[in-house]
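Because only heavy atoms are used, hydrogens play no part in the values below, and waters and symmetry mates are left out as well, while side chains stay in. Below, chains carry the letters A, B, ... as their sequence lines are ordered, and counting in each starts from 1.
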There are 2 protein chains.
Amino acid sequence: MSRTAGVKKPARWADAVPAREAQFEIKRRALVREAARAFGRRGFHNTSLEEVAEALGVTKPALYRYVRTKHEILYEAKTIAFDAGAKARDMAAAATADPLERLRLYIIHYIDLVTSELGSYAVLAEPVTSLPPEYANPIRARMREADRALREMVQAAMDAGAMPPGDPKLAVAFFMGAINHIARWYTPDGPLTGRQIGEIFADFILNGLRGPRAGS
Amino acid sequence: MSRTAGVKKPARWADAVPAREAQFEIKRRALVREAARAFGRRGFHNTSLEEVAEALGVTKPALYRYVRTKHEILYEAKTIAFDAGAKARDMAAAATADPLERLRLYIIHYIDLVTSELGSYAVLAEPVTSLPPEYANPIRARMREADRALREMVQAAMDAGAMPPGDPKLAVAFFMGAINHIARWYTPDGPLTGRQIGEIFADFILNGLRGPRAGS
DNA sequence: CCTACCGATCGGTAGG
DNA sequence: CCTACCGATCGGTAGG
């Protein structure tokens with residue numbers, strides 16, 4: 001026991017390194033989140049890194065310890081938002097096999113995430129053309145991936161007879177337009193929580209897609 | 001008769017002046033439309049006037065015969081989009097007094113306009129903060145005006161018992177997010193016309209707002 | 001993490 | 001409507 005302990009480096013060192021790395025990651029995350037909010041509100045090119053730095057209480061060059069380019073920040077911010085969408089889909093898929101319920105849970109969970117991030121998911125509105133190809137292409141791939149997964153969810157509900165047959169692509173364009181818009185108007189000061197908005201939107205969307213003959 | 005004619009300036013002149021003004025207006029409109037499309041696709045600050053000029057087959061300084069600043073172009077483009085919304089509301093109001101049908105007609109007409117303008121209404125996604133106060137403030141006023149008018153339409157439908165009572169603000173945020181998103185994905189090459197999209201979206205929206213017990 | 005600075009882009013103008 | 005150009009902003013780097 002004491003021999004094993006002797007072989008290890010002192011605990012302070014062993015912990016200090018991860019701690020420093022963790023600090024770095026935390027700061028990097030804060031930077032991306034803050035920038036994402038600003039990009040979402042004022043647009044990517046209309047937001048200078050000087051402004052982002054000021055909001056974080058540092059100077060612009062300091063940001064370059066954590067990111068290499070402004071493009072990388074936008075890329076990261078969009079990636080985080082797509083990760084949230086994927087997480088919401090996974091949670092919904094794990095919770096139930098019922099296609100309609102799955103769609104409902106996805107909507108609620110995704111809106112919950114969107115509203116908890118104080119507008120940083122509004123970056124999704126930023127055109128992918130603001131990025132050079134090496135960043136734009138992976139983002140486009142993730143857009144297609146999300147689109148495909150959602151269309152499959154809608155198609156499954158149609159196949160199960162839970163909603164009338166139709167074009168899943170149009171249905172997804174419909175409700176994702178509404179959902180992604182939330183990040184641009186939601187504020188925690190409002191009367192509704194993200195969860196409440198999610199439930200109301202889920203009703204709007206599912207009732208809309210099911211049509212007037214929905215009897216349940 | 002010949003005396004009156006003698007007093008008038010020759011017809012060629014009398015017609016030429018309006019013709020020149022009309023030309024000017026046509027060119028100005030083409031400039032704003034082209035810029036609006038580019039702003040909507042790539043963002044305001046990510047679109048240089050050099051690019052807009054090139055798309056129109058002229059050089060950048062030539063644009064300044066028609067507009068004073070880049071901000072003015074964005075302001076104009078947004079104004080045109082708001083005018084379209086107001087026109088759609090007026091057409092709907094003139095066509096029927098039934099609140100639900102009015103809302104349906106508004107949706108169909110507005111989407112029809114949106115899809116006929118080849119993406120130039122996507123400028124609505126451009127943050128109003130891209131503009132200096134003297135332009136941003138009137139735009140904000142028009143946003144509030146449109147919002148209020150739509151909320152009143154929804155409220156009227158609720159009051160008439162055509163849809164269950166609820167928060168009209170949330171309902172409007174819901175469907176305007178979906179509708180304004182159309183300008184960002186619609187292309188005339190697709191299988192559906194703007195009219196068809198409008199009818200499907202109107203069904204989605206009205207069924208969504210009416211809820212599962214809608215029996216008609 | 002800061003001060004100082006470079007280089008490129010781009011809105012807008014002069015002058016014709 | 002064009003050529004030529006100015007001035008400001010801003011992403012990114014040097015050097016500490």
Whole-Å gap separating P (C:dC1) and CG (A:Leu49): 15 Å

Would you kindly give the CD-to-P distance between B:Glu50 and C:dA8, to the nearest whole Å? 17 Å

Heavy atom of residues 128-135 of chain A under 4.0 Å from DNA chain C: which residues? none

Using a cut-off of 6.0 Å, state whether more than 12 heavy atoms not belonging to B:Arg140 lie near its atom CZ. yes

Among residues at least two apart in sequence or on other chains, which ones pass ring-ring contact (aromatic ring centres under 6.0 Å, His included) with B:Tyr64? none

Pair A:His45 and B:Phe44, ring centroids less than 6.0 Å apart: no

Can the ring centres of B:Phe175 and B:Tyr106 be said to be less than 6.0 Å apart? no

Which residue in the set A:Lys60, A:Lys70, A:Arg42 passes salt bridge (charged side-chain N to carboxylate O under 4.0 Å, His left out) when paired with A:Glu51? A:Arg42

Salt bridge present between [X] and [Y] (N-O < 4.0 angstrom):
X	Y	value
B:Arg89	B:Glu145	yes
B:Lys78	B:Glu126	no
A:Arg151	A:Asp147	yes

Ring pair (Phe, Tyr, Trp, His ring centres under 6.0 Å) with A:Tyr75: which of A:Phe39, A:Phe82, A:Tyr135? A:Tyr135

Check the orientation of A:Phe201 and B:Phe174. Use parallel for under 30°, tilted for 30 to 60°, and perpendicular for over 60°. perpendicular

Decide yes or no for B:His71 and B:Pro132: does some side-chain heavy atom of the first lie under 4.5 Å from some side-chain heavy atom of the second? yes

For the helix from C:dC1-D:dG16 to C:dG16-D:dC1, what angle lies between the axis at the first five pairs and the axis at the last five pairs, to 10 degrees? 10°

Please list, chain by chain and in numerical order, all residues satisfying salt bridge (charged side-chain N to carboxylate O under 4.0 Å, His left out) with B:Glu101, sequence neighbours excluded. B:Arg104

List in numerical order all residues of residues 57-78 of chain B for which some heavy atom is under 4.0 Å away from an atom belonging to DNA chain D. B:Val58, B:Thr59, B:Pro61, B:Ala62, B:Arg65, B:Tyr66

With a 4.0 Å heavy-atom cut-off, tell me which residues in residues 37-48 of chain B come close to DNA chain D, sorted by residue number. none

Tell me if a side-chain donor or acceptor on A:His181 pairs with a main-chain N or O of A:Gly177 at a distance below 3.5 Å. no

